[in-house]
Undergrad: 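Dumping the structure here so I can ask a few things about it.
These numbers were taken from a predicted model, which means no experiment stands behind them. When a ligand or atom number is given, it counts from 1 through the structure's own listing order.
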Amino acid sequence: MSQLPKPAYRLTNLQPYGFAIIGQRIQTMTAAGKDVIRLDIGSPDLPPPQPVIEALKQSSSNPVHHSYGSYTGDPGFRRAVADYYARRFGVPLDPATEVLPLIGSKEGLVNLSMAYLDRGDSAIVPDIAYPAYEAGALLAGASVITVHLDPANDFLPDLDSIPDDLSHAKMLWINYPNNPTGAVADIAFYEKAVAFCRDHNLLLCSDNPYCELVFDGYVAPSALQAAGAKDCTVEFMSMSKTYNMAGWRLGAAVGNHEALQNLLRVKSNIDSGHWKPIYDAGIVALDTTPQSWIDERNARYAARRERILAILPSIGLEAFKSPASLYVWARVLDGDDQYYVERALDEAQVAVTPGTMYGVGGAGHIRFSLGVAHDRLEEALTRLRVWYQVKVV
Ligand SMILES: Cc1ncc(COP(=O)(O)O)c(C=O)c1O
């Protein structure tokens with residue numbers, strides 16, 4: 001019998017991370033000899049640009065690159081992120097005060113919640129959202145005010161529908177290009193969100209890891225392009241999807257200086273910064289990757305997206321076609337996403353993500369990731385087609 005004390009109260013409402021559960025189940029299936037194809041997880045299958053790998057190798061052979069780094073992150077990486085924002089969005093950032101490197105943007109999302117939320121506070125979180133926004137609030141002992149994302153409103157939150165009494169609310173989370181729907185926002189939306197946050201004394205948290213995963217000529221903006229955004233906004237950028245560096249765990253929070261200082265206060269008590277060679281590789285990614293590399297990578301994702309869209313009607317799904325992100329979001333015609341996902345995994349050995357992982361608003365939907373190699377994707381789609389024909393008979 002266990003001799004351990006009870007875990008902390010904060011775990012009461014915090015569920016295990018959805019992908020951790022799916023991952024365990026897939027491991028068990030794989031150990032039993034099943035060949036599961038993963039269209040669930042949003043992890044790029046392709047490598048980063050070669051100069052990034054070379055930079056890592058070179059920097060890691062430098063004997064003085066193995067000690068602790070600075071809590072505020074590598075100055076060269078902060079400079080490279082600021083240059084990227086100036087070049088790409090026309091947003092000037094002071095690399096010393098308006099850029100804070102992260103060990104992957106996910107830790108920053110959660111640690112920012114720890115910096116701003118107490119018991120009794122709340123965060124406004126879209127219903128259909130990346131789970132870390134809610135998890136951060138729950139870990140901080142705070143609660144969540146949900147705002148529905150309606151396809152009829154292009155999956156943008158209707159800010160006017162948020163209840164008037166926001167006296168306990170401190171943060172508003174937004175994420176465009178959106179995971180899981182692929183929906184996008186324009187600068188007019190960001191201006192509205194900034195005005196809303198200034199009116200209600202909220203921190204606007206713009207999670208923007210998919211801004212370089214775009215199709216059909218679409219160009220994604222940054223929330224920091226909205227007038228006055230820096231007064232109330234932190235944006236999260238990530239190297240994971242932009243440069244296929246998901247495992248490297250490198251990103252940054254940018255924008256409002258005071259909010260970054262508060263985030264740093266939490267982080268510097270928890271982590272000790274990143275490894276210098278990772279920063280050096282990140283600098284090379286930001287400074288030297290040609291747009292043509294991003295365009296060619298996106299063309300591969302676009303081709304995969306077309307293949308998925310083409311077969312959806314034959315497997316009981318109806319898709320939302322979007323101009324960005326790493327995903328296809330689809331409605332299950334007979335309604336139950338969990339049932340669909342369970343059966344696809346058990347009977348076709350294809351893993352897709354149930355919409356309910358992103359909130360109750362995701363019920364009846366599933367998400368496909370584009371981060372899987374062409375031949376595996378084709379095999380998965382063939383399996384799903386055959387499975388669905390058998391399932392409906
Ligand atoms: C919307 C969103 N935000 C943040 C992240 C975390 O990215 P990172 O790898 O930078 O931690 C993800 C990862 O899938 C994501 O989908």
Undergrad: Would you call K241 and E212 a salt bridge, using N to O less than 4.0 angstrom?
TA: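 Salt bridge between K241 and E212, a charged N being under 4.0 Å from a carboxylate O: no.
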Undergrad: Which one of Y358, Y210, W248, W173 has a non-hydrogen atom at the shortest distance from atom 16 (O) of ligand 1?
TA: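 Checking each option, the heavy atom nearest atom 16 (O) of ligand 1 is found in Y210.
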Undergrad: Out of L250, N208, D207, who gets a non-hydrogen atom closest to atom 1 (C) of ligand 1?
TA: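 Minimum heavy-atom distance to atom 1 (C) of ligand 1 goes to D207.
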Undergrad: Do me a favour and list the nearest non-hydrogen protein atom to atom 13 (C) of ligand 1 with residue, atom name and distance?
TA: K241 NZ, 3.3 Å
Undergrad: What I want to find out is whether D271 reaches K267 closely enough, with some N-O distance under 4.0 Å, to be called a salt bridge.
TA: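 Between K267 and D271 there is a salt bridge, with a charged N closer than 4.0 Å to a carboxylate O.
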Undergrad: Against D207, only a single residue in Y176, Y130, Y133 fulfils side chain to side chain donor-acceptor pair (under 3.5 Å); can you say which?
TA: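 The passing option is Y133.
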Undergrad: Using a 4.0 Å cutoff against the non-hydrogen atoms of N175, which atoms of ligand 1 qualify?
TA: 1 (C)
Undergrad: Tell me: protein heavy atom nearest atom 7 (O) of ligand 1, and distance?
TA: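 Residue, atom and distance for the closest contact: S105 OG, 3.3 Å.
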Undergrad: Give the atoms of ligand 1, by number and element, whose distance to some non-hydrogen atom of P209 is under 4.0 Å.
TA: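 In order of number, 1 (C), 2 (C), 3 (N).
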Undergrad: Parallel, tilted or perpendicular for Y84 and F89, by the 30°/60° rule?
TA: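 Correct class here is perpendicular.
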Undergrad: For ligand 1, which atoms sit closer than 4.0 Å to a heavy atom of S240?
TA: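 Those atoms are 8 (P), 9 (O), 10 (O).
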Undergrad: With a 4.0 Å cut-off, would you call K230 and D94 a salt bridge?
TA: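 D94 and K230: not salt-bridged.
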Undergrad: Would you call R78 and D74 a salt bridge, using N to O less than 4.0 angstrom?
TA: no
Undergrad: To the nearest 0.5 Å, what is the distance between CG (L286) and CZ (R79)?
TA: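 Here the interatomic distance stands at 8.5 Å.
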Undergrad: Provide the number and element of each atom of ligand 1 under 4.0 Å from a heavy atom of R249.
TA: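 Close to R249: 8 (P), 9 (O), 11 (O).
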Undergrad: May I ask you to list the atoms of ligand 1 that are less than 4.0 angstrom from any heavy atom of Y133?
TA: 1 (C)
Undergrad: Salt bridge (charged side-chain N to carboxylate O under 4.0 Å, His left out): which pairs involve residues 314-326, sequence neighbours left out?
TA: E306-K321, E318-R331
Undergrad: Taking non-hydrogen atoms only, is F236 closer than 4.0 angstrom to ligand 1 via side chain, backbone, both or neither?
TA: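 It is neither; nothing of F236 touches ligand 1.
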Undergrad: Show which atoms of ligand 1 fall inside a sub-4.0 Å distance from at least one heavy-atom site of N179.
TA: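 Under 4.0 Å from N179, ligand 1 has these atoms: 1 (C), 15 (C), 16 (O).
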Undergrad: Using 4.0 Å as the upper bound for N to carboxylate O, is an ion pair formed by R383 and E379?
TA: yes
Undergrad: Taking 4.0 angstrom as the limit and counting only heavy atoms of S238, give me the atoms of ligand 1 inside it, by number and element.
TA: 8 (P), 10 (O)
Undergrad: I want to know if ligand 1 touches Y130 in the polar sense, i.e. an N/O pair below 3.5 angstrom.
TA: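 Y130 vs ligand 1: no N/O contact under 3.5 Å.
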